[in-house]
Amino acid sequence: MNPQEPRLPTRDEYYELANRLEWTPKYVSEEELFPVDMTGVPNLPIGVWEELYNAPYRVTYREYVKNQREKDQRFFAVREAGLRSELVKKLDQTYHQGSFCFHINAVPIPEYTASIAESRMARFGKSGEWRNLSTFGSMDEVRHAQLQLLMAHDNVQVNPKFASAHKMFWEDGWLPIAARSFFDDTITGTTAIEFALLTTFAFETGFTNLQFIAFAAMANKSNDYVFSTATQSIQTDESRHAQIGHPVLKVFVDTTTLAKNLEKKI
Ligand SMILES: [Fe+2]
Ligand SMILES: [Fe+2]
């Protein structure tokens with residue numbers, strides 16, 4: 001190789017450069033660009049977030065698109081086989097009309113709300129890496145909503161109650177009312193920091209991952225290979241974007257501890 005030839009940056013060099021790219025706003029103040037009502041507290045300067053936010057999961061846009069395309073290909077191949085063999089008509093009724101029905105009606109619309117909150121972090125998170133990962137997270141959640149709505153639609157031929165997946169937030173049953181209230185508090189009505197702590201760190205780490213792994217295993221045991229493939233596919237996204245919240249929590253704890261120690265000294 002000619003030593004004079006300019007060398008392209010390696011993937012790791014490019015990753016650092018692209019993910020830590022920040023700019024200094026000239027026409028608006030930092031407070032106007034990142035209002036505290038949208039970003040949340042602690043209201044730290046952008047330079048501090050930029051320095052301290054360090055996500056464990058590292059993925060570039062090119063890698064993300066390739067991975068997601070392969071995941072969708074796998075799911076749609078299994079779905080096609082399930083449709084052709086009329087799998088939904090052969091499943092155990094207790095499983096199909098019970099736990100599967102509960103999941104597929106309750107989950108898709110909240111997935112849409114999660115894509116809105118991920119977009120909020122993608123705009124108002126005060127670190128480039130945080131915003132990039134949230135952009136992927138937002139696209140993940142749109143994929144989850146659409147994929148699961150499609151599965152609910154595939155089941156309407158067996159029982160019309162599967163149409164409830166579309167109506168989830170516009171019905172007044174006990175489940176939609178409880179879900180709307182819970183998700184307004186933890187997703188739709190949150191700041192970027194609150195969403196990172198309440199949903200990506202707490203809910204997605206403690207609940208979603210477990211829910212999707214358990215459902216994948218149960219579906220597999222019940223011979224529902226379509227739902228098993230779907231939940232495994234979704235879970236791989238969830239375990240990635242669940243990690244957005246961990247660095248936010250670390251910054252939150254570190255700065256709160258620092259502030260308390262300073263207070264003691266004064
Ligand atoms: Fe999701
Ligand atoms: Fe998620």
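As the structure is a computational prediction, the values presented were derived from the model and not from experiment.
- Not less than 6.0 angstrom separates the ring centroid of F136 from the ring centroid of H241.
- In this structure, the side chain of S164 does not engage the main chain of N105 through any donor-acceptor pair within 3.5 Å.
- A distance-only check finds a donor-acceptor pair linking the side chain of E30 to the backbone of I46 [under 3.5 Å].
- Across M168 and A179, no two heavy atoms sit closer than the pair CE-CB, 3.4 Å.
- The aromatic rings of W130 and Y53 sit parallel to each other, their planes meeting at less than 30°, with 60° as the upper class boundary.
- You'll find the ring centres of F182 and F203 inside the 6.0 Å limit.
- Residues N209 and E204 form no side-chain contact, since every pair of their non-hydrogen atoms from C-beta on lies 4.5 Å or further apart.
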Full working for side-chain hydrogen bond (donor to acceptor under 3.5 Å, both in side chains) between N223 and Y225: CA-CA 6 Å; N223 297 328; Y225 302 114; 3.2 Å; yes
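- Of the possible donor and acceptor atoms, one in the side chain of R180 sits under 3.5 Å from a partner among the backbone N and O of F169.
- In this structure, the side chains of Q97 and K161 come closer than 4.5 Å at one or more pairs of heavy atoms.
- Although no hydrogens or angles enter the test, the distance criterion places a donor-acceptor pair under 3.5 Å between the side chain of Q157 and the main chain of D154.
- Between F215 and H103, the ring-plane angle classifies as tilted under the 30° and 60° cut-offs.
- Across Q148 and V107, no two heavy atoms sit closer than the pair OE1-CG1, 3.6 Å.
- The pair D237-K71 meets the salt-bridge criterion, with a side-chain N (NZ, NE, NH1 or NH2) lying under 4.0 Å from an Asp/Glu carboxylate O.
- Remark: the backbone N or O of A219 is not paired with any side-chain donor or acceptor of D224 at under 3.5 angstrom.
- At least one donor-acceptor pair closer than 3.5 Å links the side chain of T236 to the backbone N or O of S233.
- A single hydrophobic cluster is seen to contain both M121 and V48, as judged by linkage of ILVMFWY side chains at heavy-atom distances under 4.5 Å, directly or through other members.
- Taking the ring axis of Y64 as reference, the NZ or CZ atom of R69 does not stay both within 45° of it and closer than 6.0 Å to the ring centre.
- Checked options E118, Q68, E238; the residue passing with D140 is Q68 (criterion: side chain to side chain contact (heavy atoms under 4.5 Å, CB included)).
- In this structure, H144 has its ring center no closer than 6.0 Å to that of Y112.
- Checking side-chain atoms of S138 against main-chain N and O of S115 turns up a donor-acceptor pair under 3.5 Å.
- Side chain of R120 to backbone of T188: a donor-acceptor contact under 3.5 angstrom is found.
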How far apart are the C-alpha atoms of F162 and H153, what are their side-chain angles, what is the distance that settles it, and do they pass the ring-ring contact (aromatic ring centres under 6.0 Å, His included) test? CA-CA 7 Å; F162 284 98; H153 180 76; over 10 Å; no
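- For K90 (side chain) and S85 (main-chain N/O), a donor-acceptor pair under 3.5 Å exists by modelled atom type.
- Residues R240 and N67 have side chains that never bring a donor and an acceptor to within less than 3.5 angstrom of each other.
- In this structure a side-chain-to-backbone donor-acceptor pair under 3.5 Å is missing from T190 to L198.
- Aromatic ring pairs are classed by plane angle as parallel below 30°, tilted from 30° to 60° and perpendicular above 60°; the pair F227 and Y95 is tilted.
- L21 has its side chain out of reach of E16: every pair of non-hydrogen atoms, C-beta onward, lies at least 4.5 Å apart.
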